[in-house]
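Presented below is the structure to which this report refers.
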Amino acid sequence: MGNVIRVQHLNYTYPEAKHQALTDVSFDVAKGEWLAIIGHNGSGKSTLAKNLNGLLAPESGTVEVAGMTLSEETVWDIRAKVGIVFQNPDNQFVGATVADDVAFGLENRGVPRDEMVKRVDESLERVGMTAFADREPARLSGGQKQRVAIAGIIAQRPEIIILDESTSMLDPAGRQEVLGVIRELKDELNLTVLSITHDIDEAAVAHRIILLNDGKINEIGTPSDIFAHGTDLLRLGLDVPYSEKLKDALIQRGVAMPKAYLDNERLVDYLWTLHSTM
Amino acid sequence: MSFTYQAGTPFAGDGIKDVSGTIHDGSYTAIIGHTGSGKSTILQHLNALLKPTSGTVTIGDKVITNETNNKNLKPLRQKVGMVFQFAENQLFEQTVAKDIAFGPQNFGVSEKDALALADKMVAMVGLPHDVLEKSPFDLSGGQMRRVAIAGVLAMQPEVLVLDEPTAGLDPAGRHEMMTMFERLHREQGQTIVLVTHQMDDVADYADTVWVMAEGRLIKTGTPREIFSDPAWLKANQLGLPKTAQMAQQLIAKGFHFDPRPLTETELADQLLPQIGGGQHG
């Protein structure tokens, strides 16, 4: 496997800001891992993402991506390896048609025309948008727009995809649509996924979750480890899993409940045990 | 009423088909339906931004038809306050105070009274007093959204219409905003119409639900009535609130609920006698 991202003692302060936006952040991401980054607004999540592809330059510390240490010399090679899907689907379109839009990034990199046409077709097919190739991006639904944005990214053959709150402006159907596409692509293309999110369902599919608080890593753990924070999660920038809300309501009614996180299914099993021993 | 987009042109498309219904004073009505079902088109009829192609829409004592003149709609627009999706995109003034005061002044309130209203509304939406003199563009996205809502509330509308007011906010921000609307409804009897995809919000806050599909109003009822038929909801591509989903899993295991709970409080109350009522603790 090996690590595709290694961040060591990363510090970042915005120009003229009084406080550090990131303080001594260190973590590794394994190739093929799905890592979620959570934290309340202003906790440093997006600043961290921008430090990973050189949109911001670290004040101190090192960022290694795909075996390269981020610097002025490597930044363009690193950006070719890291694609970011942003929050607002309307702010990332430049092409007159869906196919033009997917081709844009390839044109910028000087990919020969034959190769470009091939990659555009292939990428649109992977996200299930082939039928929309000649449509205007503006006329698509939010979920479809994000799928086109993803096609534009995978056409450039990245190793890493960063989802920067990319499902937060979508309706529940659009959110499922986008996460479904990412999950398939991750397996097919052996991608590493970093998702910056407030969405509990998106965090739940990650292998590990990094919890950021005021620019520092508060905790790194599995979804079960992190979800065990229960009702505190709201303060930490995530919704509270339903099973934790119900657990809390039962504890308030004097029922003894296990401390560890139980998902819905395991909570149902636990409650059934109580029922059976009545 | 019915509404056809671009009526009389080759591009004519159905927006709303033969909808009849009443929204009562002091009610909290949720309009649900998947994207493209006509929810937002209905909303735009509630303050005559759109006029019905056929049929009538009555707001208070004002009847809107296809023939209604645009000139006399100002009192109606003051009566029905609209909070659009991503309302923060409509902020434009130099200071928060001026932005909030803009609406009331437009409806004839003096500058002094409008600024006094701005002062009051900032507190009502849970923003600190010192934002009044700041530029709205120096605030966070969630704070900007609150300023936009304060601007609508400052017109003291009789009906508050909300089109997915929490989209794009983080979970804590969503929760605070929904609590704020709930307080306006409960403490001041504010009539609220909410368009949402969040079934938990429908279960937690609404007293009436309209379900839209393909431009038609296919069902109305209380949240309990609407959510009592999971198969019907699924057939119409609508989800269940999380409590109702959990209740289904528990029923499959052998638990019994009557009526089916809609909130975790109701579910916990009904579970208690079935799991030994806390005697295990």
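Note that the coordinates shown come from a computational prediction; the quantities given were computed from them, not determined experimentally. All chains are named by letter (A, B, ...) in the order of the sequence lines, taking the proteins before the strands, and each is independently numbered beginning at 1.
Remark: Asp163(B) does not engage Lys39(B) in a salt bridge, criterion side-chain N to carboxylate O under 4.0 Å. Salt-bridge formation is detected for the pair Lys253(B)/Asp269(A): a Lys NZ or Arg NE/NH1/NH2 atom is positioned less than 4.0 Å from an Asp or Glu carboxylate oxygen.
Interface residue Phe255(B): backbone and side-chain heavy atoms are both found under 4.5 Å from chain A. Using a 4.5 Å cut-off between heavy atoms, Pro273(B) contacts chain A through its backbone alone, with no side-chain atom that close. Heavy atoms of Ala173(A) lying under 4.5 Å from chain B are absent altogether. Proximity to chain A (any heavy atom under 4.5 Å) is shown, for Asp269(B), by both the backbone and the side chain. When heavy atoms are compared at a cutoff of 4.5 Å, Ser140(B) does not approach chain A at all. The contact between Gln87(A) and chain B is made entirely by side chain atoms (from C-beta outward), counting heavy-atom distances below 4.5 Å. In this structure, chain B has heavy atoms under 4.5 Å from both the backbone and the side chain of Leu234(A).
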**Study point:** Residue pair Glu202(A), Thr167(A): steps toward the side-chain hydrogen bond (donor to acceptor under 3.5 Å, both in side chains) verdict
**Key:** CA-CA 9 Å; Glu202(A) 196 174 322; Thr167(A) 63; 2.8 Å; yes
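No side-chain donor-acceptor contact under 3.5 Å links Glu266(B) and Thr243(B). Side chain to side chain, Thr13(A) and Glu59(A) meet the donor-acceptor criterion of an N or O pair below 3.5 Å.
Between chain B and the residues Thr197(A), Asp199(A), Asn41(A), Leu238(A), the largest count of heavy-atom pairs under 4.5 Å involves Asn41(A). Per-residue heavy-atom pair counts under 4.5 Å with chain A were compared for Gly254(B), Gly173(B), Ala167(B), Gly142(B), and the maximum is reached by Gly254(B).
Tyr205(B) and Tyr28(B) have parallel rings, their planes meeting at less than 30° on a 0 to 90° scale where 60° marks the start of perpendicular.
Put simply, the side chain of His198(A) never gets that close to the backbone of Pro171(B): no donor and acceptor are under 3.5 Å apart.
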